[in-house]
Amino acid sequence: MASMSQDRTLPPPESNPETKAYWDAAAEGRLILRKCTGCGKVHFYPRALCPFCYGDTEWVDASGRGTIYSYSVMRRAPVPYAIGYVTLEEGVSMLTNFVDCDLDALKIGQDVRVVFKPTEGGPPLPMFTPARA
Amino acid sequence: MKGKAYIAGAYEHPTRKAPDKSVAQLHAEVARGALEDAGLTKDDVDAYYCAGDAPGALGPLSMVEYLNLRCRHVDSTDVGGSSYLLHVGHAVEAIAAGRAKVALITLAGRPRSEGQATGTAPRAGDMRQPDLQFEYPYGPTVVNMYANCAMRHMHQFGTTAEQLAWIKVAASTHAQYNERAMLRDVVTVEEVVNSPMVSDPLHRLDCCVISDGGGALVVVAPEIMASLKRPKVKVIGVGEAVKGQMAGQVDLTYSGAAWSGPRAFEMAGVKPSDIKYASIYDSFTITVLMQIEDLGFCEKGEGGKFVADGNLISGQGRLPFNTDGGGLCNNHPANRGGITKVIEAVRQARGEAHPKVQVPDPSLVLAHGTGGSLGLRHGSATVILERE
Ligand SMILES: [Zn+2]
C-alpha cells in the first residue's frame, strides 16, 4: 500500500543570536553544522560552545547526505507525516521529516539527501528525501 | 543513605475523571489520603515535593501555601512522569542528612476533564529552550517519538509488534481485578496488533490511558516509622539520570534506566534477579520493554523474548509487573505515571495488592520511571524497596 507524503503547513523555527546563521543558511538552501576549533568534533544541534570540550566552534558546510536512523509515520494527524532521525555523513544525527516519498516504503538505513521545505513566515526547514540510486 | 528512610504512606486517588474538582484540591485530597494511610497529620509534615503538575508558577510555593504546610525542605524538580520517583530519592537524602523527618510528595491533574490531546499534538513551549527550534517545527509528539524508539529497537534487535503486545496483555490481565481501572477487559495479542495504528509501529493499545486523578507518598525517618502501625517498607536504593540526544550521538536503543538502575542496585546491594515485583513506567509498551532491558532484568535486545508469553503476569511469569494495571490500563493521572508506580510497589511490599495479583514473597520490590520523551530527552529514576 503506497501512501505518498503530502506537504503540510509548517510552523516557523524561532532563531536566536546563537543560531541565526543556521537558519540564514537554510534560507539559501544550505545545511550547516557547528564544529569545534579545539577538539574538531561536529555536534548537533548547533551551539556556540562545543558540548564535548566547551571549546569554541565554527560553522562548516554539511554534505546534505545521510541515512535514516529511525522514523515513525504519524497517522493521527490532519496530514500524516514521517518524523525521525537522519544520521548525517558528518556523524551527527538530527531530528527531521522524511518527505517527497512513499511513507510506507521508508526503511532504516536508507540513503537520503537534504531538501528545504517552506514554513509559514519563517526560514525553511531542512528535511530529507530518499536519494536516487 | 541506604535504609535511612521508609515509605509510611501511599495513596492513589480513586477518581479517573474529576470535572468538578480543582487541581489544587486533588493534590490536597491525595495528601490527606497518604497522611491518613501513614497515621500522620499535616502538622507532622516538614518537607514537601511536587513537580510541574502542581499549580503555580514558582515550584512548590503555591501548593505549600494551599496545603498550609510549615516546611524546612522543599523540592520541585520536574523531570516529567519520573519526578516522583526522583523525589523519593531526594526525600531520602534530606532525611538521611537530618534536614527532614516527614516528607510529603504529591501528584495530581485532570487532563481528561480538560480535554488535552495529550500524546498526539505537538507542544510548542518556551522557544528559549535551546533544542525546541530544531524539533518543534517537525511535529514531534509524545507518541511518535516513543514510536521512533520502537522502530529502531525492532530494526536492531528483531523485536516484534506481537512481543510488545504481550506487555499490554499482561497489564490488562492484572487490571481485570482492579475495580477502579479505566480498562478492565483482558485483551489478546491479536487485539493489540489489530488496533488502529497511531504512529508506526505503535497501535492504540500500545498507548497508556489518559486520566484525571493523582497520588501521594509520605517518606519518613526511621524513628517516625517506629511509632507507626503500618508495615515497614524501607527505601534501600535510589538512582537518577538524565539522557538526551548526546550532542548528536543519538542512540534510541537504551534509556536513562541503564544509568539510574545500576546506581540504585549498587546502593541497595541487590541484583535484578533478587527483585520479586517491579513497577515499570508504561506510557507505551516500548517504554516497558526498554526499561526492563536497561534495568538488567534481561540482556539488551532480549526484551522482546523476555516479555512474551505472559512472563510479566503475576502468578505465571518471572517478573510480575504493574499489578494495578499500570498506565496502560488503570490510571495515568496528569499524564504522569510515576507516583502510581511507587504506590503499587508499596502495596506489593506490604502484601496489600489485590489477592489475585499479590506476589507471594514481596521482600524486595522495584519502581522505575521515565519522564519526558524517550525519543528526545528524558529523566530516569529508580527506587528499590525492602519489606522489613
Ligand atoms: Zn570540542
Side-chain angles (χ1 to χ4, degrees), chain A residues 8-16 18-19 22-23 33-34 36 41-47 50-52 68-77 79-88 90-98 103-104 106-109 117 119-120 122-127, chain B residues 117-157 195-204 206-207 244-253 284 286 373-377:
Chain A
R8 59 196 182 96
T9 305
L10 299 167
E14 197 175 299
S15 73
N16 61 39
E18 191 181 11
T19 63
Y22 178 88
W23 296 112
L33 300 169
R34 209 75 172 145
C36 183
K41 286 183 185 157
V42 175
H43 66 269
F44 196 86
Y45 53 89
R47 294 158 213 184
C50 169
F52 300 109
I68 297 177
Y69 174 77
S70 194
Y71 71 96
S72 176
V73 179
M74 180 65 186
R75 310 276 173 183
R76 278 280 300 273
V79 177
Y81 57 97
I83 184 166
Y85 286 100
V86 57
T87 303
L88 301 176
E90 290 77 12
V92 291
S93 298
M94 61 180 277
L95 193 69
T96 193
N97 293 146
F98 299 108
L103 295 175
D104 294 327
L106 289 170
K107 293 249 179 314
I108 288 176
K117 291 287 181 182
T119 63
E120 282 197 313
L125 294 174
M127 295 188 174
Chain B
T118 295
T120 52
R123 300 181 204 173
D126 178 355
M127 281 297 163
R128 290 175 301 178
Q129 184 180 318
D131 43 76
L132 216 54
Q133 61 184 291
F134 301 99
E135 296 174 0
Y136 170 69
Y138 295 104
T141 63
V142 179
V143 62
N144 64 32
M145 291 316 299
Y146 280 77
N148 261 270
C149 297
M151 194 69 94
R152 184 70 202 184
H153 206 279
M154 289 176 163
H155 171 82
Q156 198 153 331
F157 303 116
S195 66
M197 192 65 86
V198 178
S199 195
D200 308 60
L202 297 180
H203 309 80
R204 180 185 289 165
D206 286 298
C207 306
Q245 293 163 38
M246 303 185 292
Q249 299 304 304
V250 175
D251 190 339
L252 299 185
T253 62
F284 301 92
I286 183 65
S373 174
L374 206 55
L376 294 173
R377 60 196 60 78

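Just so you know, these numbers come straight off a predicted model, no measurement behind them. Letters go in sequence order (proteins before strands), and every chain restarts at 1.
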Hey, is the main chain of [Y] close enough, under 3.5 Å, to the side chain of [X] for a donor-acceptor pair?
X        : Y         : answer
Tyr85(A) : Val250(B) : no
Ser93(A) : Gln249(B) : no
Ser70(A) : Asn148(B) : yes
Glu14(A) : Arg128(B) : no

Problem set entry | Counterpart residues, side chain to side chain contact (heavy atoms under 4.5 Å, CB included), relative to Ser195(B) (two or more places apart) |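 Side chain to side chain contact (heavy atoms under 4.5 Å, CB included) list for Ser195(B), sorted by chain: His203(B), Arg204(B), Leu205(B).
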
Exercise. How would you list, by chain and number, every residue that makes a side chain to side chain contact (heavy atoms under 4.5 Å, CB included) with Asp251(B), sequence neighbours excluded?
Worked result: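 Asp251(B): side chain to side chain contact (heavy atoms under 4.5 Å, CB included) contacts with Tyr69(A), Met246(B), Thr253(B), Tyr254(B).
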
If you take all heavy atoms of [X] and [Y], which pair is closest and at what distance?
X         : Y         : answer
Pro13(A)  : Gln133(B) : CB-O, 3.8 Å
Ile108(A) : Arg152(B) : CG2-NH1, 3.3 Å
Ser199(B) : Met74(A)  : OG-CA, 3.5 Å
Tyr138(B) : Arg8(A)   : O-NH2, 3.1 Å
Tyr45(A)  : Asp131(B) : CE2-CB, 3.6 Å

Proximity breakdown for [X] and chain B, heavy-atom pairs closer than 4.5 Å:
X        : result
Pro11(A) : both
Thr87(A) : neither
Tyr81(A) : side chain

For this session: Look at atom CZ of Arg47(A) and say whether more than 12 heavy atoms of other residues, nucleotides or ligands are closer to it than 6.0 Å.
Result: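 Buried by this count: over 12 neighbours within 6.0 Å.
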
Problem set entry | Whether Phe134(B) and Tyr22(A) hold their rings parallel, tilted or perpendicular, with breakpoints at 30° and 60° |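 Because their plane-to-plane angle is over 60°, the rings of Phe134(B) and Tyr22(A) count as perpendicular.
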
Options [options], ranked by heavy-atom pairs under 4.5 Å with chain B, top entry:
options                                : value
Gly109(A), Pro80(A), Pro46(A)          : Pro46(A)
Gly122(A), Ala82(A), Ser15(A)          : Ser15(A)
Val73(A), Leu10(A), Val42(A), Asn16(A) : Val73(A)

Exercise. Taking C-beta and beyond as the side chain, do Leu95(A) and Met145(B) meet within less than 4.5 Å on heavy atoms?
Worked result: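 Heavy-atom side-chain distance check passes, below 4.5 Å.
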
For this session: Report yes if some heavy atom in the side chain of Thr119(A) is under 4.5 Å from a heavy atom in the side chain of Pro137(B); otherwise report no.
Result: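 When only atoms from C-beta onward are counted, Pro137(B) and Thr119(A) do not touch, as no gap falls below 4.5 Å.
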
Which region of [X], side chain (C-beta onward) or backbone (N, CA, C, O), has a non-hydrogen atom less than 4.5 Å from a non-hydrogen atom of chain A, or is it both or neither?
X         : answer
Pro196(B) : neither
Gln245(B) : side chain
Leu376(B) : both

